[in-house]
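Input: a single structure, listed below in structure tokens.
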Amino acid sequence: MYTSRSYCGELTLEMVGNRVELAGWVESNRNLGGIIFMKLRDVTGTVQMVVDSSASSELLSTADQARSEFVVRASGTVRKRDPRNVNPDLPTGAIEVVADSIIILNASLVPPIPVDVKDQTGEDLRLKYRYIDLRREDMRDAIIKRHRAMMAARRFLSENRFFEIETPVLNKSTPEGARDFLVPSRNSIGEFYALPQSPQLFKQILMISGFDRYFQIVKCFRDEDLRNDRQPEFTQIDLELSFIEAGDIMRVVEGLLQEMVREVTGREIKTPFRILSYREAMDRYGTDAPDTRFGLELSDCGDIFSNSDFTMFTAALADGGVVRGIAARDDGKISRKMIDQYAEEAKVFGIKGLPMCRYTGSAAEGGIAKYLKPDDIDKLRTRFNLSGQSILFFAAGSPAAVSSALANVRIKLGRALNLIDEDRLEFLWVTDFPLFEYSRDDRRFYSKHHPFTAPRADCLSMLASLKPEEAERVIAQAYDVVLNGVEIGGGSIRINNPDVQSSVFSLLGISREEAEMKFSFLIDALGFGAPPHGGIALGLDRIMMLLLRRKSIRDVIAFPKTTRGQCLMSNAPSPVSPEQLEELNLKVIGK
RNA sequence: GGGGCUGUAGCUCAGUUUGGUUAGAGUACCUGCCUGUCACGCAGGGAGUCGCGAGUUCGAGUCUCGUCAGCCCCGCCA
């Protein structure tokens with residue numbers, strides 16, 4: 001029986017004199033000859049145990065044999081440390097446990113990665129030996145705080161009349177959106193389930209069923225290429241509400257995030273969050289997920305350069321493109337080398353280069369300065385509110401390429417000039433997204449959010465005959481929530497009118513038959529008394545990554561996959577036996 | 001699908017520029033000594049498929065080509 005067990009990290013000065021039983025892993029074992037110090041670790045932390053020469057020879061010998069990561073059970077008496085032996089770096093450093101019994105429950109091989117060192121080991125090894133990696137303090141901390149964040153979310157939402165309702169994991173594949181992970185069906189040979197990209201359709205159905213307020217902390221699956229903030233399976237806090245407008249959902253989400261931030265960091269955040277329209281975000285920051293912890297806003301400069309001698313600009317403008325710029329007071333800190341590097345890295349966004357010049361406080365020099373007329377310089381000074389020694393970067397080309405390139409430069413400048421306060425949590429709503437995007441290549445409209453997103457009431461009339469060039473004029477009742485430049489959630493008010501749903505499908509080129517085949521149950525359901533409803537999904541992994549200031553969501557997930565989607569611990573995915581394939585009537589054609 | 005960085009002892013890395021002695025360091029590990037350590041100390045020891053495969057060469061950790069893996073980025077992610 002272990003019922004009387006105490007936890008290492010919870011021993012305090014108040015417990016001095018108490019006899020305690022402990023169980024855990026040996027973090028370090030120092031034998032000084034006549035005295036042994038063994039640091040014992042469990043899920044709460046570590047405490048120092050002492051065995052000195054007054055102990056039985058049996059106890060001394062057991063203590064001497066314990067090695068790193070051995071599992072032991074021990075008992076002893078809590079003792080106050082002599083003031084000169086206190087370890088201020090250890091939470092339990094004011095006390096120690098004088099052991100009277102140590103039992104080695106299990107030995108350990110020499111651990112392939114160090115447990116007591118912070119973040120030093122290559123990530124592939126950490127993933128292979130995840131069970132050891134998870135013993136490390138920062139990983140343990142992340143996993144425990146993630147649990148607390150989930151508990152806070154469940155508590156907050158339950159208190160606000162939400163019901164947590166599970167939705168199917170095995171469901172129908174829909175070719176729209178991300179690639180599906182497919183699951184073959186043994187009972188229906190040649191047919192497949194798909195793992196959900198999100199419970200979207202089912203949560204809407206729940207609204208129509210009258211469940212009013214739904215939430216679920218749920219895994220979602222997308223078979224796309226990965227990034228440091230993207231995993232093939234990830235966790236959403238998924239919400240859907242009836243009889244609400246966008247503002248109601250925003251208030252709920254603000255309260256929820258406030259609660260989660262309080263639980264994880266102990267900090268208070270201010271609500272309501274700032275709101276930026278999509279247009280404004282793109283114009284001022286070049287991205288729909290701006291980091292608003294610092295300024296350095298972009299400005300359009302097409303008017304200034306419309307008659308320029310610098311042909312890269314005039315050519316881009318003549319071609320229907322844009323010229324935009326960004327300026328920062330750098331007092332000469334941005335070096336030639338950095339400028340070249342920025343320009344090189346900007347090319348991946350599809351622009352030819354990153355023309356620049358310096359502003360000295362009165363004149364322009366370097367780079368494209370020789371093409372600037374005095375009048376141009378005046379205009380630039382006003383437009384960017386230039387003062388002191390500043391640096392200006394420009395980009396010319398398609399609006400999308402220019403925006404993403406300059407948004408990227410903006411972040412680099414912010415970091416290089418130390419303008420980003422890492423302590424701040426800048427939450428932001430981005431609203432008024434366009435409902436559609438038009439693809440010139442495919443010559444068709446695509447949903448920017450998803451096909452069930454409601455247009456704003458004043459845009460309904462445009463649906464009947466929308467021209468490609470007007471695509472962005474139809475505004476959706478959609479909203480993203482952004483934290484420090486990372487999208488942590490997005491949602492919308494849904495279409496609850498079958499006629500509107502039909503016109504959106506027809507604009508998206510989804511025929512009646514196709515819609516019938518893919519989402520018939522939702523379309524049917526909309527005809528049986530669908531309440532006005534809407535919702536949002538929050539990315540739990542990303543939220544935890546940002547709140548805990550980790551570089552990757554892998555650091556807040558117990559068992560993440562590599563960027564190729566492999567689990568280095570279990571070696572998934574892996575081949576299956578011919579018998580399994582045969583039973584499913586599947587054949588692997590080749591690699 | 002494309003680009004970049006990385007791969008050397010259990011771990012972290014140096015050595016690769018300019019091919020040439022027996023491939024090193026710190027740490028971990030093992031042994032001995034040590035009664036207040038907590039990055040213990042001291043002495044000694046073991047430890048390598050230089051990611052893998054070809055090629056060039058008298059000779060390859062080092063040069064070339066291919067390939068695999070991890071990470072980062074573009075595309076992609078309704």
Side-chain angles (χ1 to χ4, degrees), chain A residues 27-40 46-55 60 67-69 79 81-90 92-93 96 98 109-129 132 174-180 197-198 200-201 220-232 234 341 344-351 400-401 404-405 408 433 435-437 439 441 445-453 476 478 487 490 492 504 508 510 518-519 537 539 551-552 554 561-564 566 568:
Chain A
E27 177 137 318
S28 66
N29 198 23
R30 297 192 182 81
N31 188 342
L32 271 59
I35 187 167
I36 296 173
F37 297 104
M38 183 185 293
K39 202 178 276 180
L40 193 65
T46 61
V47 72
Q48 173 167 282
M49 297 200 301
V50 193
V51 179
D52 67 24
S53 52
S54 63
L60 274 166
R67 294 286 177 272
S68 284
E69 302 309 314
R79 176 168 76 187
R81 290 203 202 182
D82 187 285
R84 66 174 183 276
N85 293 329
V86 165
N87 181 355
D89 298 327
L90 194 66
T92 58
E96 61 196 1
V98 185
L109 300 172
V110 175
I113 58 177
V115 176
D116 57 343
V117 185
K118 209 168 188 168
D119 231 15
Q120 240 195 38
T121 311
E123 199 170 356
D124 43 353
L125 272 163
R126 289 177 50 205
L127 292 177
K128 178 171 182 187
Y129 299 100
I132 298 172
T174 56
E176 296 272 321
R179 292 184 191 89
D180 284 321
Q197 298 175 27
S198 83
Q200 184 59 38
L201 268 32
C220 300
F221 305 86
R222 293 177 191 176
D223 189 8
E224 294 293 344
D225 288 348
L226 307 178
R227 289 283 195 285
N228 72 336
D229 61 354
R230 295 188 343 209
Q231 281 275 300
F234 60 99
Q341 199 183 326
E344 193 52 41
E345 289 168 5
K347 286 180 186 164
V348 301
F349 296 98
I351 56 169
S404 41
N408 183 266
F433 282 86
L435 189 62
F436 302 113
E437 287 171 306
S439 162
D441 293 346
F445 293 100
Y446 284 94
S447 288
K448 181 124 187 149
H449 189 54
H450 59 57
F452 316 107
T453 303
E487 181 198 322
S492 63
V504 168
L508 292 173
I510 302 176
K518 289 177 189 160
F519 342 96
K551 288 195 180 75
S552 140
R554 292 184 299 272
K561 297 194 166 49
T562 68
T563 49
R564 276 190 70 247
Q566 308 272 326
L568 295 182

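Predicted model only: the values in this text are computed from it and were never measured. Per chain, numbering begins at 1; letters A, B, ... match sequence-line order.
- On the C1' atoms, B:C13 is 14 Å away from B:A28, given to the nearest whole Å.
- With a 3.5 Å ceiling on both atom-pair distances, the Watson-Crick or G-U wobble partner of B:U31 is B:A43.
- In this structure B:C65 sits in a base pair with B:G53, meeting the Watson-Crick or G-U test at under 3.5 Å.
- Here the separation of B:A14 from B:U56, taken at their P atoms, is 31 Å to the nearest Å.
- A:Ser198 comes within 4.0 angstrom of a base, heavy atoms only.
- Regarding contacts with the backbone of B:G32, every side-chain N or O of A:Asn31 stays at 4.0 angstrom or more from both OP1 and OP2.
- B:U37 atom P lies 16 Å from atom CG of A:Asn29, rounded to whole Å.
- Checking B:U12 for Watson-Crick or G-U wobble geometry (two distances, each under 3.5 Å) identifies B:A25 as its partner.
- Heavy-atom nearest nucleotides on RNA chain B were determined for A:Ser447 and for A:Arg554, and the one closer to the 5' end corresponds to A:Arg554.
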Which atom pairs link the protein and nucleotides 2-7 of chain B when you take only N or O atoms and keep those under 3.5 Å?
none

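- The side chain of A:Arg227 places an N or O atom within less than 4.0 Å of a non-bridging phosphate oxygen (OP1 or OP2) of B:C74.
- Of the candidates A:Gln566, A:Arg554, A:Gln231, A:Lys561 forms a side-chain contact (heavy atoms from CB on, under 4.5 Å) with just one, namely A:Gln231.
- As a whole-Å value, the separation of A:Leu90 CG from B:C38 C1' is 8 Å.
- Separating the P atom of B:G66 from that of B:C5 is a span of 15 Å, rounded to the nearest Å.
- In this model, a side-chain donor or acceptor of A:Arg79 finds a partner on the base of B:G36 within 3.5 Å.
- Rounded to whole angstrom, the span from the CG atom of A:Asn228 across to the P atom of B:G70 amounts to 16 Å.
- A:Glu96 comes within 4.0 angstrom of a base, heavy atoms only.
- Here A:Glu345 lies out of heavy-atom contact (under 4.0 Å) with every strand.
- Going from the P atom of B:C42 to that of B:A47 covers 24 Å, rounded to whole Å.
- Under the salt bridge (Lys or Arg N to Asp or Glu O under 4.0 Å) criterion, A:Arg230 pairs with no residue at all, not counting sequence neighbours.
- Taking CD1 of A:Ile132 as the reference point, atom OG1 of A:Thr121 lies at 10.0 Å (rounded to 0.5 Å).
- Proximity of A:Cys220 to A:Gln197: side-chain heavy atoms (C-beta onward) are nowhere separated by under 4.5 Å.
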Tabulated below should be each protein N or O lying under 3.5 Å from an N or O of nucleotides 28-30 of chain B; please produce it.
| unit_1 | atom_1 | unit_2 | atom_2 | d |
| --- | --- | --- | --- | --- |
| B:C30 | OP1 | A:Arg67 | NE | 2.8 |

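- We find that CD1 of A:Ile35 is positioned 13 Å from P of B:C38, with the value rounded to whole Å.
- In this structure A:Lys39 satisfies the salt bridge (Lys or Arg N to Asp or Glu O under 4.0 Å) test with no other residue, sequence neighbours excluded.
- Applying the ring-ring contact (aromatic ring centres under 6.0 Å, His included) test to A:Phe221 and every residue at least two apart in sequence or in another chain returns nothing.
- At whole-Å resolution of the value, CG in A:Leu226 and C1' in B:G70 are 13 Å apart.
- Base pairing of B:C71: its partner is B:G4, meeting the Watson-Crick or G-U wobble criterion (both donor-acceptor distances under 3.5 Å).
- Checked against ring-ring contact (aromatic ring centres under 6.0 Å, His included), A:Phe519 has the following partners two or more places apart in sequence or in another chain: A:Phe452, A:Phe505.
- In this structure, the nucleotide among B:G10, B:C76, B:U37 sitting nearest to the side chain of A:Arg230 is B:C76.
- Listed by chain and residue number, A:Gln48, A:Arg79 satisfy the side-chain hydrogen bond (donor to acceptor under 3.5 Å, both in side chains) test with A:Glu96 (two or more places apart in sequence, or in another chain).
- Nucleotides B:A9 and B:G48 place their P atoms 10 Å apart, quoted to the nearest Å.
- Nucleic acid contact for A:Arg81: base, since at least one base atom lies under 4.0 Å from a heavy atom of the residue.
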Identify each atom pair where a protein N or O and an N or O of nucleotides 12-15 of chain B are less than 3.5 Å apart, giving names and distance.
| unit_1 | atom_1 | unit_2 | atom_2 | d |
| --- | --- | --- | --- | --- |
| B:U12 | OP1 | A:Gly122 | N | 2.6 |

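- Nearest-nucleotide mapping onto RNA chain B: of A:Gly33 and A:Gln197, the residue sitting toward the 5' end is A:Gly33.
- Taking the side-chain hydrogen bond (donor to acceptor under 3.5 Å, both in side chains) definition, one finds that A:Asp82 meets it with A:Arg84, sequence neighbours left out.
- For A:Asp82 against B:G36, no side-chain N or O and base N or O form a donor-acceptor pair under 3.5 Å.
- The P atoms of B:U12 and B:C29 are separated by 16 Å, rounded to the nearest whole Å.
- Scored by the ring-ring contact (aromatic ring centres under 6.0 Å, His included) test, A:Phe445 finds A:Phe436, A:Tyr438 as partners (sequence neighbours excluded).
- Residue-level contact check: A:Asp52 touches neither bases nor backbone, having no heavy atom under 4.0 Å from any strand.
- Interatomic distance, A:Leu127 CG to A:Thr562 OG1, rounded to the nearest 0.5 Å: 7.5 Å.
- Taken to the nearest 0.5 Å, the OG1 atom of A:Thr174 stands 7.5 Å off from the NZ atom of A:Lys518.
- Distance, A:Arg222 CZ to B:C76 C1': 12 Å, rounded to whole Å.
- Annotation: B:G51 and B:U6 have their P atoms spaced 13 Å apart (nearest Å).
- Using N1 to N3 plus N6-O4 or O6-N4 for Watson-Crick, or N1-O2 and O6-N3 for G-U wobble, each under 3.5 Å, B:C76 pairs with nothing.
- The interatomic distance linking A:Glu224 (CD) with B:C77 (P) rounds to 6 Å, in whole Å.
- Rounding to whole angstrom units, CZ of residue A:Phe349 and P of B:C76 are separated by 13 Å.
- Listed by chain and residue number, A:Glu345 satisfy the side-chain hydrogen bond (donor to acceptor under 3.5 Å, both in side chains) test with A:Gln341 (two or more places apart in sequence, or in another chain).
- When the P atom is compared between B:G2 and B:C63, the two are found 25 Å apart, to the nearest whole Å.
- Side-chain N/O atoms of A:Thr563 include none lying less than 4.0 angstrom from OP1 or OP2 on B:G70.
- A:Tyr446 comes within contact range of no nucleotide atom at all, as no heavy-atom separation falls under 4.0 Å.
- The nucleotide whose nearest atom lies closest to any side-chain atom of A:Leu32 is, among B:C72, B:G36, B:C74, B:G36.
- Out of B:U37, B:C74, B:C72, the shortest distance to the side chain of A:Asn85 is found at B:U37.
- With a cut-off of 3.5 Å on both pairing distances, B:G36 has no Watson-Crick or G-U wobble partner at all.
- In this structure A:Lys448 satisfies the side-chain hydrogen bond (donor to acceptor under 3.5 Å, both in side chains) test together with A:Tyr278, A:Glu437, sequence neighbours excluded.
- Within the nucleic acid shown, A:Pro112 comes within 4.0 Å of sugar-phosphate atoms alone, with no base atom in reach, counting heavy atoms only.
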